[in-house]
Amino acid sequence: MRNIKWILGVVAVLGAVCLAALHFVMPRILEQARPYAEQQAANYLNGSVRIGAIEWSGGFSLLVRDVSVRDRSGQAVAELPETTVSVNPFLALQNMDKAVSSISLRNPVLYVVQDSSQQWNFQNLLKPSQSSTTPFYGVLAVKEGTVRVSLPQGKWEFGVDGKVAGAHNPVFDMDFCVRNPAMDPVY
C-alpha cells in the first residue's frame with residue numbers, strides 16, 4: 001500500500017510540474033512566436049512571410065492561421081491556411097530553436113512556376129547556407145496539400161500528403177504521396 005501511495009505521489013508531482021511548465025512556458029512561446037518566425041524567415045528566405053493569427057488552446061501546440069510566403073518579386077510561393085506547431089516546453093526553456101517538435105500543414109498550396117527562360121520561382125527563394133545542420137529536427141507533415149505547377153507548356157495540379165523527418169538532417173527522411181486524376185499515385 002505504501003508503494004502505491006508513493007507512486008501516486010510521484011505521478012501527482014510530475015503532473016503538477018508539467019502543468020506548471022505548460023502554463024509558464026506556453027504563454028511566453030506564444031509571445032515570441034511571431035517575432036521568432038519572422039526572424040527565421042528573414043534568415044533563410046529571399047522573400048517575405050506574412051502570418052495571420054496565432055492561437056493557443058491550452059495544450060502543447062500553437063495554431064497558426066493564414067500564412068503566406070512570397071518571393072522577392074511579391075509572387076505567391078505558398079499559402080498555409082492552417083499550421084499546427086507542437087512545442088516541447090522543456091526544450092523551450094533552454095533554446096527556442098530546439099523547442100519545435102513537429103509542424104503539421106493542413107491544406108497548404110504550393111505554387112511551382114517555370115517561366116519561358118526556364119527559371120523556377122523557387123530557384124533563389126532560399127538564401128545560401130554554409131551550415132550542414134538545421135534548427136528543426138522534428139517532423140513536418142503535409143495533410144491534403146496541393147501543388148499547382150505552371151510551365152510554359154501548361155498547368156497541372158497535384159494532391160500531396162506526407163512527411164519529412166528532420167532528425168536525419170542533412171539526408172532527410174521523406175515519405176510522400178503525390179496524386180493526380182490522370183496518373184497513378186506516386187510514393
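The structure presented is a predicted model; accordingly, all values stated were derived computationally and were not measured. In what follows, every heavy atom counts, from backbone to side chain, and hydrogens, waters and symmetry copies are set aside.
- L151 and V113 are assigned to two separate hydrophobic clusters, defined by single-linkage of ILVMFWY side chains at heavy-atom distances under 4.5 Å.
- The shortest side-chain heavy-atom distance between I54 and L63 does not fall under the 4.5 Å cut-off.
- Of all non-hydrogen atoms in D71 and L125, the two that sit nearest each other are CA-CD1, 4.1 Å.
- Two residues are said to be in side-chain contact when any heavy atoms from C-beta on lie closer than 4.5 Å; Q119 and Q114 fail this criterion.
- Here CZ of R72 is found 11.0 Å from CG of L45. Values are rounded to the nearest 0.5 Å.
- Among all heavy-atom pairs drawn from L110 and A78, the shortest one is CD1-CB, 4.2 Å.
- In this structure, the separation between CD1 on I103 and OG on S61 is 12.0 Å, given to the nearest 0.5 Å.
- Considering all non-hydrogen atoms of both residues, V87 and S101 come closest at N-OG, 4.1 Å.
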Please walk me through it: do D161 and V142 pass side chain to side chain contact (heavy atoms under 4.5 Å, CB included)? CA-CA 5 Å; D161 287 285; V142 176; 5.7 Å; no
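- E157 CD to S150 OG: the interatomic distance, rounded to the nearest 0.5 Å, is 12.0 Å.
- By the 4.5 Å heavy-atom criterion applied to side chains, D66 and E82 are not counted as neighbours.
- Of all the heavy atoms in N180 and A182, the pair that sits closest is OD1-N, 2.8 Å.
- R179 has no carboxylate O lying under 4.0 Å from a charged side-chain N of D184, or vice versa, which leaves the two without a salt bridge.
- Across all their heavy atoms, P108 and P81 have their closest contact at CA-CD, 4.1 Å.
- Nearest heavy atom pair, residue E38 against residue I51, reads CG-CD1, 4.5 Å.
- For the residue pair E79/Y111, the side-chain donor-acceptor check at 3.5 Å is satisfied.
- Side-chain atoms of L126 and N46, non-hydrogen and from C-beta on, never get closer than 4.5 Å to each other.
- If you take CG on N43 and NZ on K127, they are separated by 6.5 Å, rounding to the nearest 0.5 Å.
- Linking ILVMFWY side-chain heavy atoms closer than 4.5 Å, directly or via other members, places V77 and W156 in a single hydrophobic cluster.
- One hydrophobic cluster holds both V178 and V112 under the rule that ILVMFWY side chains link at heavy-atom gaps under 4.5 Å.
- Between L80 and S68, every side-chain heavy-atom pair lies at or beyond the 4.5 Å cut-off.
- Placement of V164 and Y187 in two distinct hydrophobic clusters is found when ILVMFWY residues are connected by side-chain heavy-atom separations under 4.5 Å, directly or transitively.
- Between R70 atom CZ and S48 atom OG the span is 7.0 Å, to the nearest 0.5 Å.
- At a threshold of 4.5 Å between non-hydrogen side-chain atoms, the residues E55 and R65 count as touching.
- Annotation: the span from K143 atom NZ to L105 atom CG amounts to 9.5 Å, rounded to 0.5 Å.
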Does the side chain to side chain contact (heavy atoms under 4.5 Å, CB included) test come out yes or no for R148 and V109, once each step is laid out? CA-CA 7 Å; R148 294 188 177 144; V109 178; 3.9 Å; yes
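- When the side chains of ILVMFWY residues are joined at heavy-atom separations under 4.5 Å, either directly or via intervening members, V64 and V49 end up in a single hydrophobic cluster.
- A distance-only check finds no donor-acceptor pair linking the side chain of Q40 to the backbone of A37 [under 3.5 Å].
- Within 6.0 Å of the CD atom in Q118, the count of heavy atoms belonging to other residues, nucleotides or ligands does not exceed 12.
- Two residues are said to be in side-chain contact when any heavy atoms from C-beta on lie closer than 4.5 Å; V149 and F158 meet this criterion.
- Two residues are said to be in side-chain contact when any heavy atoms from C-beta on lie closer than 4.5 Å; V160 and T146 fail this criterion.
- Side chains of S102 and S86: a donor on one and an acceptor on the other come within 3.5 Å.
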